[in-house]
Amino acid sequence: MPELPEVETTLRGIEPHLAGRKIVGVVVRQAQLRWPIPDDLSAQLAGREILACFRRAKYLLFALPNGHLLIHLGMSGSLRLTSESDPGRHDHVDIVLDSGKILRYHDPRRFGAVLWLDGPVSEHRLFAHLGPEPLLEDFDERRLFVLSRGRKTPVKTFIMDNQVVVGVGNIYANEALFMAGIKPLAMAGGVSRQRYARLTLAIKQVLEKAIAEGGTTLKDFVGGDGKPGYFQQQLNVYGRTGEACVKCDGVLKEVKIAGRSSVFCARCQR
DNA sequence: ACGCGGCCCTGGATGC
DNA sequence: TGCATCCAGGGCCGCG
């Protein structure tokens, strides 16, 4: 379910309840996620204090004295704090805190991950090749321009490449390209530096706005505090195939690019 | 090196 | 109502 704004919303919702708390127990009901949950997870976590919570790309990381707990929400995952001891269907993992609250991982499709990292996060294989965070200054149009030269891949696929920039998922790739007036199928290597400047700004703006709104409401997305996000109503193209373009009133088209739905206005995006 | 398609999995929507 | 088919927010991996 989650794109970067949903992950960030989740982090902000749960962080105040986790930092400084001690983990008193771990319950794994289903270990078969994208990768198996390691057997020693409980031994690594139990009795340890959560020193800090942070995010890198769409990975949530929880710093403990002896390493990091990593959680990825995949396509359908969510994390919430609860006081109810009875788990529901697809509630795969509980992390029980000394406050009496439970951090509960729920993931119907099980594309997510719960892992234990021993060493430095940045050296882990999942992190070693990640591009910059889209909301930080080291993500700029120069990077998009330079890395795209000679690339024939569609610009939409290019900005969804985690080695180029992290955290741009399908929804916001569509939205950012619409905002920037760039056709998703345009060859990445043929997009001008000036247009990459527009696209860079659009990516930052669409993500910042979504975070400010508390994440997109998709299916049953809820933040860590259980409140739904409210961004869905503000999507200009994603999920609006066949409807009218908000800028020119033309009919929005849909194509598949690398297997992902891509919605655009053929008149506004070139 | 690059670009693409497959695949991991469940469930909701759609259609016959 | 029931069953089959398709589709979904991610991202690693292997193939050509």
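A, B, ... follow the sequence lines: proteins, then strands. Residue 1 opens every chain.
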Over-ring placement of A/K247 relative to A/F178, 6.0 Å and 45° cut-offs: yes

Give one of base, sugar-phosphate or nothing for A/Y59, where a contact means two heavy atoms less than 4.0 Å apart. sugar-phosphate

Nearest listed nucleotide, side chain of A/K256, among C/dA8, C/dG9, C/dC13: C/dA8

Below the 4.0 Å mark, does B/dG11 have OP1 or OP2 next to a side-chain nitrogen or oxygen of A/R89? yes

Could you please name the option among C/dG9, B/dG11, C/dG11 that lies closest to any side-chain atom of A/N162? C/dG11

For A/E6 and C/dA8, what is the distance between atoms CD and P respectively, to the nearest whole Å? 17 Å

Complementary nucleotide for B/dG11 - Watson-Crick or wobble, under 3.5 Å: C/dC7

Let me spell it out: for each of A/W35 and A/R109, pick the nucleotide of DNA chain C with the closest heavy atom. Which residue's pick is nearer the 5' end? A/R109

The side chain of A/H90 lies closest to which of these nucleotides: C/dC12, C/dG10, B/dG11? B/dG11

Salt bridge A/D161-A/K156, side-chain N to carboxylate O under 4.0 Å: no

Could you tell me how far apart A/D107 (CG) and B/dT10 (C1') are, to the nearest whole angstrom? 9 Å

Calculate the interatomic distance between A/R56 atom CZ and C/dG11 atom P; express it in whole Å. 12 Å

Counting only side-chain heavy atoms from C-beta out, which of B/dC4, B/dG11, C/dG11 sits nearest to A/P154? B/dC4

Would you please test A/E8 and A/R55 for salt bridge (charged side-chain N to carboxylate O under 4.0 Å, His left out) and show each step? CA-CA 7 Å; A/E8 182 66 27; A/R55 176 187 65 71; 2.6 Å; yes

On DNA chain B, nearest-nucleotide positions of A/G259 versus A/R34: which is more 5'? A/G259

For A/N170 and C/dG11, what is the distance between atoms CG and P respectively, to the nearest whole Å? 11 Å

Can you identify which nucleotide, out of C/dG9, C/dG10, B/dC9, has its nearest atom closest to the A/S261 side chain? C/dG9

Going by 5.5 Å between centroids and 30° between planes, is there a stack of A/F111 over B/dC9? no

Donor-acceptor pair under 3.5 Å: do we get one between A/R110's side chain and the base of B/dC9? no

Considering just the side-chain nitrogens and oxygens of A/S76, establish if one lies under 4.0 Å of OP1 or OP2 belonging to B/dC9. no

Spacing of A/K156 atom NZ relative to C/dG11 atom P, expressed in whole Å: 13 Å

Which nucleotide sits closest to the side chain of A/I171: B/dT10, C/dC12, C/dG9? C/dG9

Looking only at side-chain atoms of A/K58, point me to the closest of C/dG11, B/dG3, C/dC7. C/dG11

Within this structure, what is the CG-to-P distance between A/L79 and C/dG9, rounded to whole angstrom? 21 Å

Out of A/F54, A/W116, A/F62, which residue meets the ring pair (Phe, Tyr, Trp, His ring centres under 6.0 Å) rule with A/H68? A/F54

Rounded to whole Å, please give me the gap between CG in A/L33 and C1' in B/dC7. 16 Å

Pairing of A/E133 and A/R56 as salt bridge, 4.0 angstrom limit: yes

Within a radius of less than 6.0 Å around CZ of A/R267, do more than 12 heavy atoms belonging to other residues, nucleotides or ligands occur? no

Write down the distance separating the P atoms in B/dG11 and C/dC12, rounded off to the nearest Å. 25 Å

Rounded to whole angstrom, note down the C1' distance from B/dT10 over to C/dC13. 22 Å

Rounded to whole angstroms, how far apart are NE2 on A/H72 and C1' on B/dC8? 14 Å

Pick one: which of A/I171, A/T157, A/N170 meets side chain to side chain contact (heavy atoms under 4.5 Å, CB included) with A/R260? A/N170

Name the closest nucleotide to the A/R151 side chain, picking from B/dG3, C/dG11, B/dG11. B/dG3

Shortest side-chain distance from A/Y238, nucleotide among C/dG9, C/dG11, B/dG11: C/dG9

Side chain of A/R125 only, please: which of C/dC12, B/dG11, C/dG9 is the nearest? C/dC12

